[in-house]
Amino acid sequence: MKNLINKLETEKALSKEEFVQLIANFNEESSDYLFQRAAIVRQKVYGNDVYIRGLIEISSYCKRNCLYCGIRAGNKNAERYRLTKEEILACCQIGDELGFKTFVLQGGEDTYYTDELLVDIVHSIKEKYPENAVTLSLGEKSYESYKMLREAGADRYLLRHETANESHYSQLHPASMSSEERKRSLRDLKRLGYQFGTGFMVGTPFQTPELLAEDMLFIHEMQPQMVGIGPFIPHHETPFADQQAGSVPLTLFMLGLLRLMLPHALLPSTTALGTAETDGRERGILAGANVIMPNLSPLDVRKKYMIYDNKIATGLEAAESLAGLKKSMEKIGYRIVETRGDFRVMNYEL
Ligand code: SAM
C-alpha cells in the first residue's frame with residue numbers, strides 16, 4: 001500500500017485500479033502512513049493554518065427530492081424556514097466582528113430566492129464587506145444565473161457532484177435529476193471563474209470502492225479548488241432511513257487521498273464528520289483537511305436545517321463555538337487564522 005501512497009504523492013494521480021486497490025484494502029496501517037504524508041504535504045502549502053468559513057444556512061425549503069436528504073421536498077415533517085436579506089446581513093455582521101473573512105450562503109433549492117433577490121443579497125454583502133469572500137452553495141442553476149451571481153460579486157461556489165457514476169447517481173436521486181446536469185453545472189462554474197468546490201458523501205447506499213475510485217478520477221479531471229466530503233448519515237424521514245451510515249475511518253482515508261492528489265486544495269473537515277464522531281472534525285484536520293465551517297445561522301433556525309439525523313447544533317452562539325474550536329485546533333497543533341484563505345498555488349519540492 002505504501003508504494004501506491006508514495007506514487008499518488010509524487011504523481012498526483014493514480015489509475016482507477018490503483019485507487020480501488022487502496023480504497024478496498026485500507027486499514028489502520030495504511031491510514032496512519034497516508035495521514036503522515038498528507039500532513040507533510042499540507043504543511044508545505046498551508047503550514048498549520050486552518051481557515052474558517054462562516055456558514056449561513058439561508059433556507060430549509062427545497063424543490064428537490066434527493067433520496068438521502070432530510071430537507072427533501074417529500075419530507076412533509078421537515079421544519080421549513082427561510083432567512084430574509086436583513087437576517088442574512090445580520091449573520092454576516094456577527095461573523096465579520098468575529099474575524100470571519102468568508103461567508104457561505106448555503107440552502108435548499110428554494111425558488112423564493114430569485115436571481116434578482118440573490119444578486120441583491122450578494123451585492124449588499126460585498127458592498128458592506130468588500131474584503132470578505134462570498135461563497136454560494138445553492139444547488140443547480142443555469143449558466144446565466146451563475147453568471148449574474150458571479151458578476152454581483154460571488155467569489156466561490158460549492159456543488160458536490162455526489163457520485164460521478166451515472167447509474168449510482170440515479171440510485172440516489174429521483175429521475176428528474178441527472179449526473180450529467182450536475183456535471184454541466186460544475187463546468188459552468190469553472191468556466192465563469194468561480195473558485196469552485198465539489199465532493200461526495202462516503203458510504204451512500206450502493207457505493208463501492210470502484211465508485212469511490214471514479215469519484216477520485218472525476219475530481220482529478222475537474223481540478224477543483226475545494227472538495228467537501230463527509231460520511232453519509234441517514235435521516236429518519238427519507239427513503240434511506242434504514243441504511244447504514246458511512247464509515248468515519250474510510251472518510252478520513254478519502255480525505256488523505258484527496259490531500260495527496262490535490263496538494264493545494266481547500267478541504268473542509270465537515271459537520272457530518274463532527275456529527276458522526278465527537279472528535280471527527282479534529283481527526284479530519286489530522287487526515288489532511290484545512291478548513292472548518294462554523295455555523296453563523298441564527299440559533300432558532302439551526303435545528304430546522306436537519307439534512308441528516310443528529311446534525312450538530314450545539315446551541316452555542318457563534319462566538320462561543322469559535323472559541324471552543326480555536327482551543328481544540330490548538331490542542332492538535334493547528335491554528336485558526338482570520339484570513340480569506342484563498343486557494344494558493346505554490347511550487348514546492350517534495
Ligand atoms: N442544495 C445545495 C446542493 O444540493 O448542493 C446545498 C445544500 S445540500 C443539503 C449540501 C450537501 O449536504 C449535499 O451536497 C450532500 O452531499 C449533503 N447531504 C445531504 N444529505 C446528507 C446526509 N443524509 N448525510 C450526509 N450528507 C448529506
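Just so you know, ligand 1 is whichever comes first in the structure, and atom 1 is the first atom listed for that ligand. Keep in mind that the numbers below use all heavy atoms, side chains included, and drop hydrogens, waters and symmetry copies. In what follows, residues are counted from 1 in the order of the sequence shown.
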What does the N/O contact table under 3.5 Å look like for ligand 1?
from: ligand 1; atom 1: 1 (N); to: Gly107; atom 2: O; distance (Å): 3.0
from: ligand 1; atom 1: 4 (O); to: Arg182; atom 2: NH2; distance (Å): 3.3
from: ligand 1; atom 1: 5 (O); to: Arg182; atom 2: NH2; distance (Å): 3.2
from: ligand 1; atom 1: 14 (O); to: Glu162; atom 2: OE2; distance (Å): 2.5
from: ligand 1; atom 1: 16 (O); to: Arg160; atom 2: NH1; distance (Å): 2.9
from: ligand 1; atom 1: 16 (O); to: Glu162; atom 2: OE1; distance (Å): 2.8
from: ligand 1; atom 1: 16 (O); to: Glu162; atom 2: OE2; distance (Å): 3.4
from: ligand 1; atom 1: 23 (N); to: Tyr68; atom 2: O; distance (Å): 3.0
from: ligand 1; atom 1: 23 (N); to: Ile233; atom 2: O; distance (Å): 2.7
from: ligand 1; atom 1: 24 (N); to: Ile233; atom 2: N; distance (Å): 3.0
from: ligand 1; atom 1: 24 (N); to: Ile233; atom 2: O; distance (Å): 3.4

inquiry  = Before you tell me yes or no, could you show the steps for Lys7 and Glu18 under salt bridge (charged side-chain N to carboxylate O under 4.0 Å, His left out), namely the whole-Å CA-CA distance, both residues' side-chain angles and the distance that decides it to 0.1 Å?
reply    = CA-CA 10 Å; Lys7 184 173 177 192; Glu18 289 169 327; 2.6 Å; yes
Donor-acceptor pairs under 3.5 angstrom involving side-chain atoms of residues 278-288: please list them, not counting sequence neighbours.
from: Glu282; atom 1: OE2; to: Ser328; atom 2: OG; distance (Å): 3.1

inquiry  = Under the rule for side chain to side chain donor-acceptor pair (under 3.5 Å), what residues qualify as partners of Lys85, not counting sequence neighbours?
reply    = Asp120, Ser124
inquiry  = What I want to check is whether the side chains of Thr275 and Asn310 have a donor and an acceptor closer together than 3.5 Å.
reply    = no
Basic-acidic side-chain contact under 4.0 Å: Glu180, Lys183 = no
ask   = Of all residues at least two apart in sequence or in a different chain, which pass the side chain to side chain donor-acceptor pair (under 3.5 Å) check with Gln106?
value = Ser137
